[in-house]
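Notes for the one structure printed next.
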Number of protein chains: 2
Amino acid sequence: MLTKEQLIEYSEDARKNYLDHISIDCVVFGFHEGQMKVLLLKPQDEEKWLLPGGFVMKAEPIEMAANRILEERTGLDKIFLQQFHIFGDPDRAKFHHDLYKDTVPDQQNWFAKRFLSIGYYALVDFFGVVPQADQFSELCTWRDLDDMPGLLLDHELIFKTALDTLRLQLNYQPIGYNLMPREFTMPELQKLYETILDKKLDRRNFQRRILGFGILNRAEQPRKGGAHKAPYLYSFDLDKYQNALTEGFKGGW
Amino acid sequence: MLTKEQLIEYSEDARKNYLDHISIDCVVFGFHEGQMKVLLLKPQDEEKWLLPGGFVMKAEPIEMAANRILEERTGLDKIFLQQFHIFGDPDRAKFHHDLYKDTVPDQQNWFAKRFLSIGYYALVDFFGVVPQADQFSELCTWRDLDDMPGLLLDHELIFKTALDTLRLQLNYQPIGYNLMPREFTMPELQKLYETILDKKLDRRNFQRRILGFGILNRAEQPRKGGAHKAPYLYSFDLDKYQNALTEGFKGGW
DNA sequence: AACAATGGTGTATAAAGTACACAATTGTAA
DNA sequence: TTACAATTGTGTACTTTATACACCATTGTT
């Protein structure tokens, strides 16, 4: 929790630089060891957590704002971002207002405003991220999708909406380039799909379908060294992948 | 075009009642005589047209704002609305700013601000709508989808995005309840789909697919009186329709 | 050498999508 | 009255896609 003075200083700064009433919240997905991860912040002196978020500078395109905000949290630039919804309930963000309402007048508290929040989801390379807390938080870290803590404000809703959108996208767009390492095996990619969809897929049918999309290149050499049969390594054909992103697939899972 | 005084008065009013920096633009689709229609406004002294739009009151949920704005333009209440994107380019709405920049100082011109616009599309009953121009416009009327005039600002982009979204929704959601009269024939419904998708569909396969969704009731009596064979009349089963809206279909066209 | 675990490939079957044919009804023209 | 065009209802063969399941190959372990 900020001191009264810190809050007022932050507020003055924000009033100068940021658009009123607009915030951005991001659901950052990563994938590691067969687990879907979400980047979360733990505010100081709070039980519940928050999605990484921020504000839009007065002359900044919103997509650029989302990128800037996530670069601060992850160290990554040029993140794959997808705007998915705007959350505009008048009471969605009374939290910071209530927190300080007795000590700081609303005029001086940037957070006392009503905020509409633009929801972005991001797909990022787990290993590329160096989580970095912001000034309100004591912790910024990955959390497993099936071990999510409670979230403040309406961030549960934002998260859930992002996940639903991602699942829908899976039906008509390729997913994975931003989440997988450069080279990966078919079972690894399948695990990603299974994690996002939260259900088992048939190994053989998955392989046929994915290969049918025609966006993968198979490496000459299989991966050696592990136990069991050596699996082939695949990588995304970026040209065809980008094309599939724009054109879209048919059908559903 | 407003006079200087009108603009200043409007601006004072708006500053009091509306959220800064946020606007709403709506793409209202109707269907009549086998043609897809969009509700457009023709501003005074302008060649190009605009989508109906407005602002969000300080304590008003955004969905309610969209509803209020459209009620003013159409006379309809409880409109089927779908938020589909937020348009946030910093330069997207410099139009009204430029128009008055020499006569009204930015401080007094509500339109001189930067606006992020929330895009909603609406599906409405063509006959239920009584188009009503706003104070900036000389005309509010339906335009054919294939006879669209030029649009101001980024409204071409907003319109196009809405149409793309609608086409996508067609793949996994029922469409039609809000666009068709209570009773309609299968060829009439097919025409709606063909118009939205802008392509011919096979009559027999369309019928099978639509009936397969299980959201239609067939009336006892076919429609009499027309030339040619009397077609059956169908209506949507609202319960099943609503359920399909939530649950969604599979596959694509 | 047998075995468990994993991965690659194939095949039979079911479901869905596509293409097309034919019969029924109704108004119009000959 | 009859032939015809236009429109609608229904069926059927074919193709493509989805699903379920079987078999073999490779590698480390026992």
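Note that these values count all heavy atoms, side chains included, but never hydrogens, waters or copies made by symmetry. So you know, we letter chains A, B, ... as the sequences are listed, proteins then strands, and number each from 1.
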Atom-pair distance ([atom1] on [X]; [atom2] on [N]), nearest Å:
X: Asp202(B); N: dA21(C); atom1: CG; atom2: C1'; result: 12 Å
X: Lys200(A); N: dA20(D); atom1: NZ; atom2: P; result: 15 Å
X: Ile210(A); N: dA18(D); atom1: CD1; atom2: P; result: 12 Å
X: Leu201(B); N: dG17(C); atom1: CG; atom2: P; result: 13 Å
X: Arg209(B); N: dT18(C); atom1: CZ; atom2: P; result: 6 Å
X: Lys191(A); N: dT6(C); atom1: NZ; atom2: P; result: 12 Å
X: Asn205(A); N: dA22(D); atom1: CG; atom2: P; result: 13 Å
X: Leu211(A); N: dA18(D); atom1: CG; atom2: P; result: 14 Å

Inset, instruction - Confirm from the modelled atom types if Arg208(B) and dT18(C) form a donor-acceptor pair under 3.5 Å, side chain to base only. - result: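 By the distance-only test, yes, there is a pair.
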Inset, instruction - Starting from the C-alpha separation in whole Å, work towards a yes-or-no answer on ring pair (Phe, Tyr, Trp, His ring centres under 6.0 Å) for Tyr241(B) and Phe213(B). - result: CA-CA 9 Å; Tyr241(B) 188 93; Phe213(B) 292 160; over 10 Å; no
Inset, instruction - May I ask you to test the Leu40(B)-Met148(B) pair for a side-chain heavy-atom distance under 4.5 Å? - result: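 Contact flag for Leu40(B)/Met148(B) side chains = yes.
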Legend entry - Residues which pass side chain to side chain donor-acceptor pair (under 3.5 Å) with Glu194(B), listed by chain and number, not counting sequence neighbours: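 Expected list: Gln190(B).
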Legend entry - Residues that Asp144(B) engages under salt bridge (Lys or Arg N to Asp or Glu O under 4.0 Å), provided they are two or more places apart: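 Partners of Asp144(B) by the salt bridge (Lys or Arg N to Asp or Glu O under 4.0 Å) criterion, ordered by chain and then number, come out as Lys37(B).
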Using the 3.5 Å cut-off, write out each protein N or O paired with an N or O of nucleotides 7-9 of chain D and the distance between them.
unit_1: dG9(D); atom_1: OP1; unit_2: Tyr232(B); atom_2: N; d: 2.8
unit_1: dG9(D); atom_1: O4'; unit_2: Lys229(B); atom_2: NZ; d: 3.3
unit_1: dG9(D); atom_1: N7; unit_2: Arg203(B); atom_2: NH1; d: 2.8
unit_1: dG9(D); atom_1: O6; unit_2: Arg203(B); atom_2: NH2; d: 2.8

Legend entry - From CG (Leu166(A)) to CG (Leu197(A)), nearest 0.5 Å: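 The CG atom of Leu166(A) sits 8.5 Å away from the CG atom of Leu197(A).
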Inset, instruction - Anything under 30° is parallel, anything over 60° is perpendicular, the rest tilted; go ahead and classify Tyr172(A) against Tyr172(B). - result: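 Correct class here is parallel.
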